[in-house]
Amino acid sequence: MMKTESTRVAFTEGLMELAKEDPNVVLVCSDSMLVIRAQPFIKAYPDRFFETGIAEQNAVACAAGLASCGLTPFFATYAGFITMRACEQVRTFIAYPGLNVKLIGANGGMASGEREGVTHQFFEDLGIMRTIPGITVVVPADASQVKQAVKAVARIKGPAYIRIGSGRDPVVFDNYEPFKLGKIRILKESGKDAALFTNGFVINRVLKAAEILEREGIRTLVAEVHTLKPLDVESIVQILGETRAAVTVEDHNIIGGLGSAIAEVIAEEIPVPLVRVGLRDIYPESGRPEELLDHYGIGVADIVNAVKKVVKRKGSS
Amino acid sequence: MKNEVEILTEIARLIRIDVVTMIHMAGDGHPGPSLSCADIIAALYFNVMRVDPANPNWPERDRFILSKGHACPALYAALARRGYFPHAELPKLRSLGSILQGHPDINKTPGIDMTSGSLGNGISIGIGMALAGRLKGQKYFTYVLTGDGELQEGIVWEALMMAKKYRLGRLIVFVDNNEMQSSGYVKEVSSLYPILPKFEAFGWHCQEIDGHNIGEILDAVKAAHDVTDRPSMILAHTVKGKGVPYMIGNNSWHKRVPTKDELNLALAVLGGDD
């Protein structure tokens with residue numbers, strides 16, 4: 001049985017710690033306070049909680065107004081309602097003016113949307129946010145990382161988007177791992193046949209695949225790219241210089257997210273073979289998260305095959 | 001000795017001169033919608049609002065959001081004449097490197113309290129500002145100027161609900177009801193009339209005035225200040241292109257640049273800049 005811990009609870013815990021230190025930290029919800037488990041915050045700081053009703057555009061624009069007067073609003077609801085329904089408000093009133101608003105998107109990824117189906121499975125959020133200048137974009141691996149990421153984005157001035165999950169989120173790090181915004185993290189290095197870049201809880205699958213590959217004599221380097229923007233280009237180029245081959249694994253459309261970000265680095269800085277593992281530009285359906293990942297080509301076997309494919313291409317180039 | 005209304009009427013006239021002149025010199029901009037709100041902006045910046053041009057980010061200042069951001073020539077003129085930046089900046093409107101962007105920009109222009117121009121968003125942003133003031137115990141008012149056409153945006157009605165719920169007595173919205181939008185008459189494009197009962201139904205305190213009558217504008221603001229338990233809307237009946245007769249009733253002046261002859265014609269009617 002896989003160990004789980006709620007990234008939503010972790011968000012509220014991180015927020016509570018921030019709020020205790022900083023009276024300017026406030027929370028905006030759009031009928032999402034139960035979704036993100038905000039009750040402890042609302043109980044402790046009723047004056048610092050603003051409910052807009054089911055009105056995300058209003059929530060984002062309102063957060064811009066709050067931030068322009070010196071507050072640090074966190075707006076939390078489902079990822080797609082921030083990044084799609086209120087996309088223009090995020091871009092024009094938060095990102096363009098560089099206002100200090102932190103956006104927290106739940107159900108980020110197909111697997112985190114799981115049984116809700118496509119309307120609540122958000123696998124385009126990172127691509128959308130990444131194209132908007134000036135937003136820090138973060139995909140923490142698990143609950144303990146979410147809590148740290150929330151505090152890390154509060155320490156920087158300006159807009160940030162953090163993707164969180166379903167509330168039944170697999171644990172990736174059993175022990176405390178410090179979160180360093182803007183830096184990749186090497187999770188495993190058994191050799192330099194290929195680099196595996198990944199983020200989110202699919203890291204667990206990537207690590208399994210790396211073990212299987214190692215037993216078969218293919219040695220990989222696994223790196224977590226939790227900060228998609230600003231991207232740690234320098235470290236990525238350094239790894240690619242050593243492995244000369246890359247596979248990306250993410251719970252996101254193959255277009256726009258981590259795979260695209262790494263492809264951009266490869267194309268501009270260091271041309272090497274790349275295989276992307278993710279949702280292949282199609283709409284998924286309802287199901288259990290692990291089943292969905294297997295069904296839509298993000299299984300351990302898919303990752304293993306992707307690495308074999310890229311290593312072969314590297315050998316023939 | 002001129003009275004307050006006469007002084008503000010004169011300032012509005014100068015703002016109108018600036019509007020047509022800067023759009024002519026810049027070669028781009030929206031004269032009609034700028035002229036319809038010139039009197040309201042003059043009254044706010046030269047009488048009503050507690051601001052300090054020497055300290056544009058003074059935390060206790062009253063806020064203003066030009067939700068119909070395309071009317072910014074009128075706002076830029078008011079800010080320049082109020083001393084936020086030199087009057088000589090006005091002709092640089094919309095040109096590369098200018099502090100005067102095509103639509104208001106909070107980071108580039110002293111005195112602009114929020115980026116705007118994407119229609120419909122001003123009231124929501126004003127709610128955020130009003131809530132922040134309440135939380136911080138500051139006494140400032142937040143003024144929002146919207147067009148009538150932009151009330152077609154759905155976010156406006158999201159905002160009306162929320163502003164009432166939070167009983168934002170320090171939020172005052174002017175609707176510049178010039179009855180026209182980019183592609184024609186509001187009533188034909190997608191009518192949202194009558195406006196006042198709709199705001200009333202959402203629980204707002206509502207008034208209806210002649211938006212070119214400075215005395216009525218000042219009286220309405222005073223009345224709105226006395227309402228502390230809910231937000232206020234002032235429906236200001238205005239004329240698109242007000243002050244320049246050949247622009248009135250001709251919606252091509254929503255966005256059009258006066259030629260040299262047209263500028264001279266406008267200046268002849270508006271009088272000299274003294």
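Computed over heavy atoms, backbone and side chain alike; hydrogens, waters and symmetry mates excluded. Just so it is clear: chains get the letters A, B, ... in the order the sequence lines come, proteins before strands, and each one is counted from 1. Treat the numbers as computed from the prediction; the structure is a model and nothing was measured.
By the neighbour-count criterion of 12 heavy atoms within 6.0 Å, atom CZ of B:Arg167 is sparsely surrounded, having that number or fewer from other residues, nucleotides or ligands. When the shell of 6.0 Å around CD of A:Glu264 is examined, it contains more than 12 heavy atoms from other residues, nucleotides or ligands. In B:Tyr193, the OH atom is crowded: over 12 heavy atoms of neighbouring residues, nucleotides or ligands sit closer than 6.0 Å. Other residues, nucleotides and ligands place more than 12 heavy atoms under 6.0 Å from the CD1 atom of A:Ile282. At most 12 heavy atoms of other shown residues, nucleotides or ligands fall within 6.0 angstrom of atom CZ in A:Arg91.
Considering every non-hydrogen atom in both A:Glu88 and B:Ser118, the closest pair reads OE2-OG, 2.6 Å. Nearest approach of A:Ala64 to B:Met114, heavy atoms of both residues: O-CE, 3.7 Å. Contact record, B:Thr115 with A:Pro97: OG1-CG, 3.9 Å, taken as the closest heavy-atom pair.
Options A:Gly53, A:Gly98, A:Gly70, A:Ala55 differ in how many heavy-atom pairs under 4.5 Å they form with chain B, and the most are formed by A:Ala55. Ranked by heavy-atom pairs under 4.5 Å with chain A, the first of B:Asn121, B:Ile127, B:Ile106, B:Asn107 is B:Asn121.
The closest side-chain donor-acceptor pair between B:Ser124 and A:Gln57, if any, does not fall under 3.5 angstrom. B:Asp105 and A:Tyr96 are linked by a side-chain donor-acceptor pair at a separation below 3.5 angstrom, with hydrogens and angles left out of the test.
With rounding to the nearest 0.5 angstrom, the CD1 atom of B:Ile65 is 9.5 Å from the CZ atom of A:Phe93. Expressed to the nearest 0.5 Å, how far CG of A:Asn58 lies from CH2 of B:Trp157 amounts to 13.5 Å. Here the CG atom belonging to A:Leu99 is positioned 9.0 Å from the CD1 atom belonging to B:Ile125, to the nearest 0.5 angstrom. In this structure, CZ in A:Arg85 is found 11.5 Å from CD1 in B:Ile155, a value given to the nearest 0.5 Å.
Interface remark: A:Val28 contributes no atoms to any contact with chain B (heavy atom separation under 4.5 Å). Only the backbone of A:Glu56 comes within less than 4.5 Å of a heavy atom of chain B; no side-chain atom from C-beta onward does. Of the two parts of B:Met162, only the side chain, counted from C-beta on, holds a non-hydrogen atom closer than 4.5 Å to a non-hydrogen atom of chain A.
In this structure a side-chain-to-backbone donor-acceptor pair under 3.5 Å is missing from B:Lys136 to A:Asn24.
Looking only at side-chain heavy atoms (C-beta outward), A:Cys69 and B:Arg63 come within less than 4.5 Å of each other. With a 4.5 Å cut-off on side-chain heavy atoms, A:Glu51 and B:Tyr166 count as touching. Counting heavy atoms from C-beta on, the side chains of A:Cys62 and B:Leu131 come closer than 4.5 Å.
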